[in-house]
Amino acid sequence: MSESRKLAAVVMAGGLGTRMRSATPKHLHPILGRRIVDWIVEAARPLAADPLVVVASPETADRFDGLAVAVQERPLGTGDAVRSARAALAGADEVLVLSGDTPLLTTGLLADLVEAHRSRAAAATVLSFLPADIRSYGRIVRDRDGDLQAIVEAADATPEQLAIPEANSSIYVFRADLLWPALERLTPVNAQGELYLTDAVRDLVQAGHRVAVHVAPDPAETEGINTRAELAAAAAVLRDRINERHMLAGVTIEDPASTWIEPAVEIAADVVVRPFTVLEGATRVAPGARIGPHAVVVDAVVGEGALVGPFCYLRPGTVLGPNSKAGTFVELKNSRLAEGAKVPHLSYMGDAEIDERTNVGAGSITVNLPHKKGSKKQRTKIGRDVKVGVGTIFVAPVTIGDDAWTAAGSVVTDDVPDNALVGFPPRQTIKEGRGGKRDD
């Protein structure tokens, strides 16, 4: 893009979105690890728009760390939303206006829109699309040269205009010097008493300025979200995009439709992800690892050749070393497994360090007793080549030396030296006449 024109961007995210039937404003609903509005921000960020401003309501203005925020005091329509950001956008030559409920937008489409606006020397450029179901979207009416003649709302359209297949996406690029005067001239001439950005576009056309139209090649990118059903549909599209990217980079995803991977997750080539697996947050997976089925991994590191699952839950702070294993019905939290260490099944290891080649028997857990409020969790440290018998309980803080063994069913409360055997819980005791049916 030309460096001689300063591009700014504004994301309209001040509305509540009542059709979501939620106490959470629509733009803040989560979708694959980000809020809806965050997807739009991330799509615009590579354009180097400066500033990139979010228009928010007074109730949500403090929820956009690291971004410039303009407050729309009352929800008085799209024209008022952009006008609310005027001070924050001072100095810009061009303003890219984005709707905060279109998470399927891509950087490529936005870059093409800005380039089309510049190449046509337009006062404004409207992003349009050709939906399969045009519903109540505003119709794009073009003049004989293919530029915009009008945006007609469905409620005001004639039968001929309703037959137009091209819809307004509510995404625009404006020349800033023409945008602000047009916004100042807006008046609330509708039943809602709102100021519409489409009226500013109409004002530019009537003043004889050229308003261009750029058609989105993929109409799905411009679809807005208004309901939970549309939220789920958009999430599926994002899931498929992310999964395809990983598969093209050499990752085997056995069942993409049941696999959910958040955008910040890093997966190396030659990883196998089995069905019904969820990878979240800043998770990193090294080559040759195998995850799932039915595994959930959140903010964890999975080392080269490590095995995870099935039915395994890796919680934040967990690090699996090379060729280690977190097996069936295992939960790990803030724990480290060194190379070759194994927690094969039915165990919970929290705040633990498990050294090389140690094997943890089924049903074993770490325990943190009640501690002073605000203090850190205590650690359980298990050395190299330790054999942990089934059903062992480690009460933190405790350290188990190298080559030690724990007897099945043991409760370990004190440190264990190297090459020692610890435990010996009581053997089975039978007390007759204490069970079964009572005569009384």
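- The local environment of CZ in Arg120 is crowded, with over 12 non-hydrogen atoms from other residues, nucleotides or ligands closer than 6.0 Å.
- Arg74 meets the side-chain hydrogen bond (donor to acceptor under 3.5 Å, both in side chains) test with no other residue; sequence neighbours excluded.
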Which pairs of donor and acceptor atoms, one on a side chain in residues 47-55, lie under 3.5 Å apart (sequence neighbours left out)?
none

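- Applying the ring pair (Phe, Tyr, Trp, His ring centres under 6.0 Å) rule to pairs touching residues 271-307 yields Phe276-His294, His294-Phe311, sequence neighbours excluded.
- Judged purely by atom type and a 3.5 angstrom limit, Glu115 has no side-chain atom pairing as donor or acceptor with the backbone of Ala111.
- Between Val273 and Val251 the shortest side-chain heavy-atom distance falls below 4.5 Å.
- For Ser335 (side chain) and Asp351 (main-chain N/O), a donor-acceptor pair under 3.5 Å exists by modelled atom type.
- For the residue pair Ala182 and Leu204, the shortest heavy atom distance occurs at CB-CD2, 4.4 Å.
- In this structure, the side chains of Val412 and Val395 stay at 4.5 Å or more apart for every pair of heavy atoms.
- Nearest heavy atom pair, residue Leu337 against residue Ser324, reads CB-CB, 4.2 Å.
- Residues passing the side-chain contact (heavy atoms from CB on, under 4.5 Å) test with Asn243, sequence neighbours excluded: Arg239, Met247, Ile253, Pro256, Thr259, Ile261.
- The CZ atom of Phe394 sits 11.5 Å away from atom OG1 of Thr413, with the distance rounded to the nearest 0.5 Å.
- Although no hydrogens or angles enter the test, the distance criterion places no donor-acceptor pair under 3.5 Å between the side chain of Thr107 and the main chain of Pro46.
- Taking the side chain as every heavy atom from C-beta outward, Arg5 and Arg118 approach each other to under 4.5 Å.
- The main-chain N or O of Pro219 is found under 3.5 Å from a side-chain atom of Thr222 such that the two form a donor-acceptor pair.
- Side-chain N or O atoms of Thr78 include none that pairs as donor or acceptor with a backbone N or O of Tyr196 at under 3.5 Å.
- With a 4.5 Å cut-off on side-chain heavy atoms, Val95 and Val10 count as touching.
- The side-chain hydrogen bond (donor to acceptor under 3.5 Å, both in side chains) test applied to Ser84 returns no partner, not counting sequence neighbours.
- Take Val205 and apply the side-chain contact (heavy atoms from CB on, under 4.5 Å) test, not counting sequence neighbours, and it matches Leu148, Val211.
- The two residues Leu320 and Ala306 have their closest heavy-atom pair at CB-CB, 4.4 Å.
- Here CG of Leu76 is found 7.0 Å from CD of Glu194. Values are rounded to the nearest 0.5 Å.
- Using modelled atom types, one finds no donor on one side chain facing an acceptor on the other under 3.5 Å when comparing Tyr137 with Asp133.
- Pro275 is linked by a side-chain contact (heavy atoms from CB on, under 4.5 Å) to Glu254, Asp255, Ser258, Pro293, counting only residues two or more places apart in sequence or in another chain.
- For the atom pair CG (Leu32) and CD1 (Ile242), the distance works out to 5.0 Å, reported to the nearest 0.5 Å.
- When each of Leu179, Leu195, Leu186 is paired with Val82, the side-chain contact (heavy atoms from CB on, under 4.5 Å) condition holds for Leu179 and for no other.
- Listed by first then second residue, pairs satisfying salt bridge (charged side-chain N to carboxylate O under 4.0 Å, His left out) with a partner in residues 279-306 number zero, not counting sequence neighbours.
- Within the structure, the salt bridge (charged side-chain N to carboxylate O under 4.0 Å, His left out) test picks out the following pairs touching residues 14-36 (sequence neighbours left out): Lys26-Asp101, Arg35-Asp38.
- To the nearest 0.5 Å, atoms CG (Asp270) and CD1 (Ile267) are separated by 12.5 Å.
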- Item | Val37 and Phe64: CA distance, side-chain angles, deciding distance, side chain to side chain contact (heavy atoms under 4.5 Å, CB included) verdict | CA-CA 10 Å; Val37 66; Phe64 299 95; 3.7 Å; yes

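- With hydrogens and angles disregarded, a donor-acceptor distance shorter than 3.5 Å links the side chain of Glu221 to the backbone of Thr106.
- Within the 3.5 Å criterion, the main-chain N or O of Asn168 finds no donor-acceptor partner in the side chain of Ser128.
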- Message: Pair Asp203, Arg185 - check salt bridge (Lys or Arg N to Asp or Glu O under 4.0 Å), show working.
- Response: CA-CA 9 Å; Asp203 182 89; Arg185 289 190 291 269; 2.6 Å; yes

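- Among residues at least two apart or in separate chains, there is no ring pair (Phe, Tyr, Trp, His ring centres under 6.0 Å) pair with a member in residues 340-360.
- A side-chain contact (heavy atoms from CB on, under 4.5 Å) with Val388 holds for exactly one of Asn359, Val360, Ile354, Val343; it is Val360.
- Residues in residues 142-165 take part in these salt bridge (charged side-chain N to carboxylate O under 4.0 Å, His left out) pairs, two or more places apart or across chains: Arg142-Glu166, Asp147-Arg210.
- Panel note: side chain His29, backbone Thr24; a donor-acceptor pair is recorded below 3.5 Å.
- A donor-acceptor contact shorter than 3.5 Å is absent between the side chain of Thr358 and the backbone of Ile382.
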- Message: What verdict does the side chain to side chain contact (heavy atoms under 4.5 Å, CB included) test give for Phe174 and Val201, after you've listed the backbone C-alpha separation in whole Å, the side-chain angles of each residue and the deciding distance to 0.1 Å?
- Response: CA-CA 9 Å; Phe174 289 93; Val201 175; 3.8 Å; yes

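- Once rounded to the nearest 0.5 Å, the distance linking NE2 of His117 with CG of Asp112 reads 14.5 Å.
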- Criterion side chain to side chain donor-acceptor pair (under 3.5 Å) on Ser99 and Thr102, from CA distance to verdict: CA-CA 6 Å; Ser99 178; Thr102 53; 5.0 Å; no

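- Here the side chains of His246 and Glu266 are not in contact, with every heavy-atom distance at 4.5 Å or above.
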- Item | Stepwise salt bridge (Lys or Arg N to Asp or Glu O under 4.0 Å) test for Glu331 and Arg315 | CA-CA 7 Å; Glu331 180 177 353; Arg315 293 167 58 187; 2.8 Å; yes

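- The side chain to side chain donor-acceptor pair (under 3.5 Å) pairs that include a residue from residues 61-72 are Gln72-Asp80, where partners are two or more places apart or lie in different chains.
- Considering only heavy atoms from C-beta on, Asp355 stays 4.5 Å or farther from Val386 through its side chain.
- For the pair Val302 and Leu314, the minimum side-chain heavy-atom distance is below 4.5 Å.
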- Message: Would Arg241 and Val237 count as a side chain to side chain contact (heavy atoms under 4.5 Å, CB included) here? Give the steps.
- Response: CA-CA 6 Å; Arg241 287 181 185 174; Val237 174; 3.9 Å; yes

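- Between the CG atom in Leu113 and the NE2 atom in His214 there is a gap of 6.0 Å [rounded to 0.5 Å].
- Between Arg336 and Glu353 there is no salt bridge, since no side-chain N of the basic residue sits under 4.0 Å from a carboxylate O of the acidic one.
- Of the possible polar contacts, none joining the Glu42 side chain to the Trp39 backbone as a donor-acceptor pair under 3.5 Å is found.
- Inter-residue side-chain proximity for Lys381 and Pro397 is flagged as unmet; no heavy-atom pair is nearer than 4.5 Å.
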